[in-house]
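I have placed the structure first, in the form of structure tokens, so that the comments after it can refer back to it.
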Amino acid sequence: VTRRPPPARAPLRAARPAAAPGSPRAAPEDAAYSQYELDVIDAELDRRSAEVETAPEGKIISRIEIVRLDVLDESDPVPDFFNVFHVTTRERVIRRELLFAEGQPFSAARADETARNLRRARQLSLVVIVPFVDEHDPSRVRVLVVTKDVWSLRLNSNFQIANGNLNYLLLNPSEENAFGTHASVGGLFILRPSTYSTGLLLSHARVAGSRLAGSASARLTFSRETGE
């Protein structure tokens with residue numbers, strides 16, 4: 001599946017007219033969003049009949065809502081059916097990256113840093129964090145965190161041909177988001193003139209939820225002539 005390049009980012013105030021007070025489509029004027037991000041924000045706020053909190057700084061966070069979008073939607077040329085072959089990132093994986101929590105004062109700086117941290121994950125193509133009005137207690141604020149995965153099934157390959165002969169072939173089919181945990185699991189096949197190898201590759205940027213990255217591999221090599 002080929003990902004379309006993300007649309008150019010544009011200042012929110014230039015992307016659409018200012019919303020009337022109380023409109024569920026109001027949004028932070030100092031943020032910059034692509035048109036697709038604007039559409040996602042509008043859809044999620046409309047679903048909640050909510051409006052963006054324009055002065056959230058210091059207000060206590062009453063609730064954090066995580067929304068994980070499917071990889072493929074109506075904006076993609078590929079049928080949505082193919083989403084069954086992809087596991088969406090687990091909510092706990094998103095939550096462990098949050099630098100804020102329910103019951104804490106909202107900080108725009110922490111929200112921005114959280115968004116930057118999440119965007120560093122190669123498994124995510126979209127990250128949006130928006131504070132919105134708590135209709136039950138206007139002195140508090142709710143926070144919406146929206147993420148969207150990339151297509152995580154990969155077939156990495158490399159080969160070398162000399163004098164019409166295949167001297168080297170590498171095939172590495174992999175799942176870059178195994179079980180929605182951001183772990184990478186892949187098979188490995190290497191063909192050389194006299195040998196071939198098969199094996200497995202495992203890697204994780206956050207082993208057991210820690211800040212430690214780890215990887216492991218195992219490979220068996222056989223003679224092409226004898227098979228041993």
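Numbering of residues begins at 1 and proceeds along the displayed sequence.
- Rounding to the nearest 0.5 Å places CG of Leu118 at 10.0 Å from CZ of Arg96.
- Asn172 places no side-chain N or O within 3.5 Å of a backbone atom of Phe189 that could act as its donor or acceptor partner.
- A continuous path of Ile, Leu, Val, Met, Phe, Trp and Tyr side chains, each step under 4.5 Å between heavy atoms, connects Leu69 with Val130, placing both in one hydrophobic cluster.
- Contact check for Val185 versus Leu200: no side-chain heavy atoms found under the 4.5 Å cut-off.
- Expressed to the nearest 0.5 Å, how far CG of Leu188 lies from OG1 of Thr198 amounts to 8.0 Å.
- In terms of heavy-atom proximity, Leu124 sits nearest to Ile94 at CD1-CD1, 4.2 Å.
- Put simply, the side chain of Glu37 does not reach to within 4.5 Å of the side chain of Gln35, judged on heavy atoms.
- Proximity of Ile190 to Arg219: side-chain heavy atoms (C-beta onward) are separated by under 4.5 Å at one or more points.
- Formation of a donor-acceptor pair under 3.5 Å by the Arg95 side chain with backbone atoms of Ile64 is found in this model.
- Across all their heavy atoms, Arg122 and Ser184 have their closest contact at NH2-CB, 3.8 Å.
- Checking side-chain atoms of Arg224 against main-chain N and O of Tyr196 turns up no donor-acceptor pair under 3.5 Å.
- Phe159 CZ: 12 or fewer foreign heavy atoms inside a 6.0 Å radius.
- Note on Val146: it does not cluster hydrophobically with Val133, by side-chain heavy-atom contacts below 4.5 Å among ILVMFWY residues.
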Which pairs would a plain distance check flag for residues 163-170, meaning a side-chain donor or acceptor within less than 3.5 Å of a matching protein atom at least two apart in sequence or in another chain?
none

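- Between Arg110 and Glu113, no side-chain nitrogen of the basic residue sits less than 4.0 Å from a carboxylate oxygen of the acidic one, so the salt-bridge criterion is not met.
- Side-chain contact between Ile41 and Val128 is present, with heavy atoms from C-beta onward closer than 4.5 Å.
- Looking at Thr114, its side chain does come within 3.5 Å of a backbone N or O of Leu99 through a donor-acceptor pair.
- In this structure, the side chain of Ser174 does not engage the main chain of Glu176 through any donor-acceptor pair within 3.5 Å.
- When all heavy atoms of Phe132 and Val141 are compared, the pair lying nearest together is O-CG2, 3.4 Å.
- A salt bridge links Glu135 with Arg142: the closest approach of a Lys/Arg side-chain nitrogen to an acidic carboxylate oxygen falls below 4.0 angstrom.
- Both Leu126 and Leu38 are part of a single hydrophobic cluster, where members link through side-chain heavy atoms under 4.5 Å apart.
- Here the straight-line distance linking atom CG of Asp149 with atom NE2 of His182 works out to 5.5 Å at 0.5 Å rounding.
- One finds the CG atom of Leu191 at 9.0 Å from the OG atom of Ser197 (value rounded to the nearest 0.5 Å).
- In terms of heavy atoms, Ala111 sits closest to Phe100 at CA-CE2, 3.9 Å.
- In terms of hydrophobic clustering, with Ile, Leu, Val, Met, Phe, Trp and Tyr side chains grouped at heavy-atom distances under 4.5 Å, Leu202 and Leu171 are assigned to different clusters.
- Side-chain heavy atoms closer than 4.5 Å link hydrophobic residues (I, L, V, M, F, W, Y) into clusters, and following such links, possibly through other members, connects Val67 to Tyr36.
- Across all non-hydrogen atoms, the minimal contact from Ala108 to Glu57 is N-OE1, 3.0 Å.
- Glu44 approaches Leu144 most closely through the heavy-atom pair CB-CD2, 3.7 Å.
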- Message: Determine whether Val87 and Asn177 satisfy the following criterion, side chain to side chain contact (heavy atoms under 4.5 Å, CB included), listing intermediate values before the conclusion.
- Response: CA-CA 7 Å; Val87 179; Asn177 192 13; 5.8 Å; no
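- To the nearest 0.5 angstrom, Arg63 atom CZ is 14.5 Å from Asp137 atom CG.
- Interatomic distance, Arg116 CZ to Glu97 CD, rounded to the nearest 0.5 Å: 14.0 Å.
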